[in-house]
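Below you'll find the structure, written out as structure tokens, and then a few comments.
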Amino acid sequence: MSISQAEGADVGGPSLSRAVAEEEIRVAQRRRLLLVAQVAVGVVFLLAWQLAAGPLIDPFFFSSPYEIGAKLVDWIRRGELFDHLFYTMYAMLMGFVIGGLAGFVVGFLFGRYDALATIFDPYITAFYSLPKIALAPLFIMWFGIGIESKIAMAAIIVFFLVFLNTYSGVRDVSAVHLNAARIMGAKEWQLLRIVIAPSAAAWVLAGLKVSIPYALIGAVVGEFMSSNRGIGFKIAQASSTFDTAGAFAGLFVLAIVGILLSAIIKAAERRILRWRS
Amino acid sequence: MSIQVEAVAKRFVRNRREVLAIDNLSLEIESGEFIALVGPSGCGKSTLLNMIAGILDCTAGRIVQDGQEVRGVNTRVGYMTQADSLLPWRSAEANVWLPLEIRHVSRQQRAERTKALLEMVNLSGFGKHFPNELSGGMRKRVALAQVLAYDPGTLLMDEPFGALDAQLKLVMQDELMKLWERTRKTVVFVTHDLAEAITLADRVVVFTGRPGRIKLIEKITLPRPRDVFRVRFQPGFQEVFERLWQALEGEIRKGEAL
Ligand SMILES: Nc1ncnc2c1ncn2[C@@H]1O[C@H](COP(=O)(O)OP(=O)(O)OP(=O)(O)O)[C@@H](O)[C@H]1O
Ligand SMILES: [Mg+2]
């Protein structure tokens, strides 16, 4: 008896806390170092750009970090930035939610019901191969030049990415796990929560992560084509007046939005997929 | 909780190849009986358990449990599969209380029962660990605790202690014996270990090589309760072992000749 009891003894107890602390310090140190390197890359790039602007490259076409910063400050001061940003974000997030939900539901159904997937497969493939951007003019015809057409653009792109990932994720659920839960008495509807959703979570989250930039692209392309609001509109307007600083300022804002949203999904991923490693 | 296996056959057809795993197999398992199945690898032992659990259909014949034919997934059994079936995204304790969660048992009761079961399988400190942080033998013990959590009347166990070292195996056999003496569940126990089969079972069934049929059924008359640490030194054990080994050896050698 004593052999095996020793194994279970003092796990997580005080004798181990030192090893845990040391491991945590090591991880934190490494993370700090990498963060410093990350920031350094950005700083070096901006400095090089700033120094090169003028002597080496033409600021008329490439602007400079200083000018871009000044432009952003100017937009903020005039209260425009957040107005446009909010508009773009709203279109993007709505598209993200609508496309994501629809993609999840359809992906789940196709993943669970083989016949459905087989019947629709050629049509889905055909539709998937179309450049979604080419739908923008149609969407503007159908949904008008208001925010609805931008939401539709973002939604259709997100839909496919989330759909395909959810489908693969649901197909990937192990029959051993499903049967084990069934024998334990799980009803079909309980299987979704107990086995299918957690098993497919990694795929679904991956789908959401890659679809963030595409949702942004969808919304911005919509704004390029027809709009008088949004960051996409600002970029288009600036470009058409040779205001390179303005165009870069808009791109910079979009990049920041992308980084923030990805960070949110990554954090969710870390939490939900803790069991991997 | 009696199980009748009536002239059952199982044929797998896949990739334009067919395998007759089990052929015309009949077996009567009494309520409260501890029955052990041994046989050469690939002779259809797991396949038979899968059919009793209702995961696989019988190609011919039928399986009846308590007068009711098994059709579709059988929720009247607890099944410890040969393959790892713990959910990797659930901690050990969350895996153990999964069947209770499915039955809407209150959180507190779940936690209490889980704690007792993890203690029983000597894994007290490991409740919060995820399966991939546990060794193979530890995962098997979590699976054992899980199947015991909801107290099914019949237990199907496919090489449950195969991954354990010799000492821990004895400890687990001891726990299982005590539990069985107390509850008298029907147990269908697949193992490669003849000594284990004799130690635990009321009857040991030796299968032929594929297609699996029954070669020999040996009634084990060693007195109960049995002390798993010492039965092998009791008079009679060796003779039974010899007899079963002879039956089994012939089948294993036949398989190799193929
Ligand atoms: N799902 C399946 N599809 C096709 N063939 C299968 C399937 N499951 C099992 N078989 C075949 O059936 C035969 C019996 O397999 P089974 O797993 O029941 O053997 P076993 O007696 O449990 O062996 P072991 O002792 O090695 O676990 C094998 O030849 C195997 O190849
Ligand atoms: Mg097997």
Side-chain angles (χ1 to χ4, degrees), chain A residues 1-17 19-20 23 112 114 166 169-170 172-206 268-277, chain B residues 50 53-56 72-91 94-95 98-104 118-119 121-133 135 137-138 141 143 146-147 149-150 152 156 164-165 167-172 174-175:
Chain A
M1 282 274 159
S2 54
I3 330 149
S4 49
Q5 259 153 12
E7 201 179 337
D10 64 43
V11 167
S15 64
L16 271 183
S17 63
V20 170
E23 173 69 14
R112 290 298 287 161
D114 243 4
T166 306
V170 172
D172 198 41
V173 173
S174 119
V176 170
H177 292 156
L178 284 173
N179 282 329
R182 284 197 187 106
I183 291 173
M184 282 181 238
K187 306 276 176 296
E188 287 301 306
W189 56 268
Q190 285 178 306
L191 290 180
L192 176 62
R193 186 184 68 77
I194 290 170
V195 182
I196 300 168
S199 170
W203 289 83
V204 176
L205 282 169
E269 211 170 33
R270 258 201 304 282
R271 238 197 86 62
I272 296 171
L273 303 182
R274 220 165 2 131
W275 56 275
R276 300 189 148 204
S277 66
Chain B
N50 282 338
I55 297 170
L56 289 177
V73 170
N74 183 356
T75 54
R76 292 172 292 162
V77 299
Y79 188 7
M80 224 184 124
T81 51
Q82 188 170 13
D84 211 340
S85 68
L86 295 179
L87 301 180
W89 52 85
R90 283 181 165 247
S91 63
N95 265 293
L98 174 62
L100 304 177
E101 189 180 319
I102 290 172
R103 285 168 178 68
H104 307 291
L118 284 177
E119 236 157 68
V121 296
N122 287 313
L123 284 176
S124 288
F126 290 90
K128 300 266 184 279
H129 288 233
F130 288 103
N132 71 359
E133 299 166 332
S135 75
M138 289 159 107
R141 287 183 276 154
Q146 179 186 55
V147 82
Y150 64 112
L156 310 178
L164 307 185
D165 63 71
Q167 292 84 342
L168 187 53
K169 191 182 212 176
L170 284 176
V171 173
M172 287 292 117
D174 183 50
E175 289 290 350

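Just so it is clear, the model here is predicted, and its values are computed rather than measured. Here is how names work: the chains are called A, B, and so on, in the same order as the sequence lines, proteins then strands, and each is numbered from 1.
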- Checking heavy atoms, do the side chain of B:Q146, its backbone, both or neither come under 4.5 Å from chain A? side chain
- In this structure, CD of A:Q190 is separated from NE2 of B:H104 (nearest 0.5 Å) by 5.0 Å
- Note on the structure: When every non-hydrogen atom of A:H177 is compared with those of B:S85, the smallest separation belongs to CD2-O, 3.6 Å
- From A:M184 CE over to B:R103 CZ, what is the distance, rounded to the nearest 0.5 angstrom? 9.0 Å
- Task: Look at B:N132, B:L118, B:I102, B:T75 and state which one has the largest set of heavy-atom pairs under 4.5 Å with chain A.
- Result: B:I102
- Considering only heavy atoms, which portion of A:A186 lies under 4.5 Å from any heavy atom of chain B: side chain, backbone, both, or neither? both
- At a heavy-atom separation under 4.5 Å, does A:R193 approach chain B through its side chain, its backbone, both, or neither? side chain
- Item | Backbone of A:I183 reached by a side-chain donor or acceptor of B:N74 within 3.5 Å | no
- Under 4.5 Å to a heavy atom of chain A? For B:L86 that would be backbone
- Side chains of A:N179 and B:N50: does their closest heavy-atom pair fall under 4.5 Å? no
- So, the part of B:V77 with a heavy atom under 4.5 Å from chain A: the answer is both
- Task: Kindly compute the distance separating CH2 (A:W275) from CH2 (B:W89), expressed to the nearest 0.5 Å.
- Result: 6.5 Å
- Task: For chain B, find which of A:V195, A:V176, A:L273 contributes the most heavy-atom pairs closer than 4.5 angstrom.
- Result: A:V195
- Item | Heavy-atom contact with chain B under 4.5 Å, split by part of A:S199 | both
- Item | Heavy-atom pairs under 4.5 Å with chain B, option from A:A175, A:A181, A:P198, A:A201 with the top count | A:P198
- Highest number of heavy-atom pairs under 4.5 Å with chain A among B:A83, B:P88, B:S91 belongs to B:P88
- Message: Main chain of B:I55, side chain of A:R182: is a donor-acceptor contact present, judged purely on distance under 3.5 Å?
- Response: no
- Item | Contact class of A:I272 relative to chain B, heavy atoms under 4.5 angstrom | neither
- Item | Portion of B:D84 that has a non-hydrogen atom of chain A nearer than 4.5 angstrom | backbone
- Query: Based on non-hydrogen pairs under 4.5 Å, which of B:P99, B:A53, B:P131 is most in contact with chain A?
  - Reply: B:P99
